[in-house]
Structures are given as C-alpha cells and as structure tokens.
Amino acid sequence: TEFVSSDALIRAVSKTAQKLSISDAERPVAIQIYGKDTETMVEAAKIVEQAQPDILDINFGCPVKRVAGKGAGAGMLQNIPKMLEITRAVVDAVKIPVTVKTRLGWDANNKVIVELAEQLQDCGIAALTIHGRTRAQMYTGEADWTLIGEVKNNPRMHIYELEMKVRDYECDLQGIVNNANYQHYLEHTRHEFLTSVGVSFAALHEQGVDPVVARISMAFKTPLKSGDEFVSKLYMKKEGIKYVFYQDIFRKRSEEHTS
C-alpha cells in the first residue's frame, strides 16, 4: 500500500484509515507504516494488524524532507539505536510477518547497510528491502549494488527459517537436547528448504546425482530444553561445485542463540 503515517493512524484520521482497506483480490498485500516514536509505531502496528494484511512493512527509506527531516523514514538512518528499538518493538507487538525497507545509509560517508542488515534481522524481521542509494542521493545518481551484494553474501543473513519444538525424547538425562538431535534439526531444515525451492533428492538420485554432507562444524551456546520452541535459520552459498549451508538455531521466546 501507500505508506501510512503512524501518528495519523492512532489519531484515527479518516483519510489515513481508508488506506487500510484491503480486497482479497489484492493478496498477498502488505501495509507500510512510518514514524519515529516507538509507542506510536507499536500502536499503529496493532491497528494495521486488525486490517488483516499478509505483511506489515516499516518504511525507513523515504528521503523526502517532510518525512526524513522529522526523523522518520530515512531520517532513522541518523538514529540507528532508535530504528532497532522500533523494529524490535513492532515485531514483538504483532503476529504477522514484519519487513523493513531502508537505504544504504544517510550519506556517502555513512553507508551502514551491511552491519544494519544483520541488526535488523536480529530484531526478527522476515525480509529486508534495500534501496541502493543514500538519503543524500534521494532518487538521483547511480545505485550502489556492491553493498547490496555484500548483504546478500553475508553468511549471517538467513534466507529460510523453520519453527520447531523440542520433544521429551530428544533430551538426555540432564533434561537438555542431546547433541545428536541438533544435527537432526539442521538436516530437517536443509531438507525443508530444498523442498521449498523444488529440489527433490529422489529426482536427483534418478538422474545419478546423490548429494552428500562432506563436513559439519558446530558450536554450542545455550542448550535447548524439553518444550522449548525454536527457530532454525539457514543461509546457503555456492563455492565451486559445493553448496555451503550456514545455519543457526534460536530459542523462539527470546531469539536466544543456541547453536
């Protein structure tokens, strides 16, 4: 949709509320909001959720003076901690997927998108859209695709995630998940990801291709326990003839890194 002011939404401005009207024929549809105050953005996000869009998008990219000049839109690129605070609060406040749109940075001397993309991901967003210009460029000049490429090639940026829950029989006598089961979680995530993009191991076998795992390296932080809900996230990169999977597991209630 056209982006919607969070301030206008919570004041119930009629013209703004009309922008939340959705037809099923339009789906999938996202409603985009902008603002600079955390509480206002959270309340606006809850109002948007009641309109039942498929996605809630936060605009941190609009460069025009009436928006960025007041600290909203791309103006948030001058206050990254506040941007992250708003993002995290909105993600926690609604149940629908939250996405973000932003730019490379405020100006040529402050292109922060590579680090910022990781930080936004860790806030729990489902996707990120990057305009390949700074706020200072507005809509002029050449877009810089190299930094977008760096974000894409960053192994910390996940392209797929799967929610799961620990079952009693996956735990050892100490009541924590047995190490071998983490491999099962990671393998299941890889399988579901490949299935989602149309890769069939049975079809590959019929073609005489049998993929195998050559090496696994794992590091543990905090253990999962029975009943824990968690998210298994994945990034994939091609290196020569090999496909390298980078995977992380986070406890769902706090997005605490476990392995």
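Under the 30°/60° scheme for interplanar angles, the aromatic rings of F230 and Y185 are found to be tilted. Between F245 and F193, the ring planes lie perpendicular to each other; the angle is over 60°, past the 30° to 60° tilted range.
With hydrogens and angles disregarded, a donor-acceptor distance shorter than 3.5 Å links the side chain of N153 to the backbone of G149. A donor-acceptor contact shorter than 3.5 Å is absent between the side chain of R88 and the backbone of C123.
Inspection of the E170 and N178 side chains reveals no N or O donor paired with an N or O acceptor under 3.5 Å.
Each of I55, L56, V4 was checked for a side-chain contact (heavy atoms from CB on, under 4.5 Å) with V48, and the lone residue meeting it is L56.
Atom-to-atom distance recorded for I249:CD1 and Y182:OH is 7.0 Å, nearest 0.5 angstrom. Remark: E43 CD to I10 CD1 distance equals 7.5 Å, nearest 0.5 Å. Between the CG atom in D144 and the CD atom in E150 there is a gap of 8.5 Å [rounded to 0.5 Å]. Here the CD-CH2 distance, from Q137 to W106, works out to 13.0 Å after rounding to the nearest 0.5 Å. To the nearest 0.5 Å, the span separating OG1 on T38 from CE on M83 amounts to 12.0 Å. With rounding to the nearest 0.5 Å, the separation of CZ in F201 from OG1 in T195 is 7.5 Å.
No side-chain heavy atom of I58 sits less than 4.5 Å from a side-chain heavy atom of I125.
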Note to self: Pair K152, M157 - check side-chain contact (heavy atoms from CB on, under 4.5 Å), show working.
What the structure shows: CA-CA 7 Å; K152 177 182 179 297; M157 296 301 297; over 6 Å; no
Next item on the list: Could you please spell out the steps behind the side-chain hydrogen bond (donor to acceptor under 3.5 Å, both in side chains) verdict for D107 and N110?
Entry: CA-CA 5 Å; D107 56 30; N110 295 278; 2.7 Å; yes
Next item on the list: Take Q32 and D57 through the test side-chain hydrogen bond (donor to acceptor under 3.5 Å, both in side chains) and record every step on the way to the result.
Entry: CA-CA 4 Å; Q32 187 182 80; D57 189 58; 2.6 Å; yes
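Of all non-hydrogen atoms in M76 and K82, the two that sit nearest each other are CE-CG, 3.9 Å.
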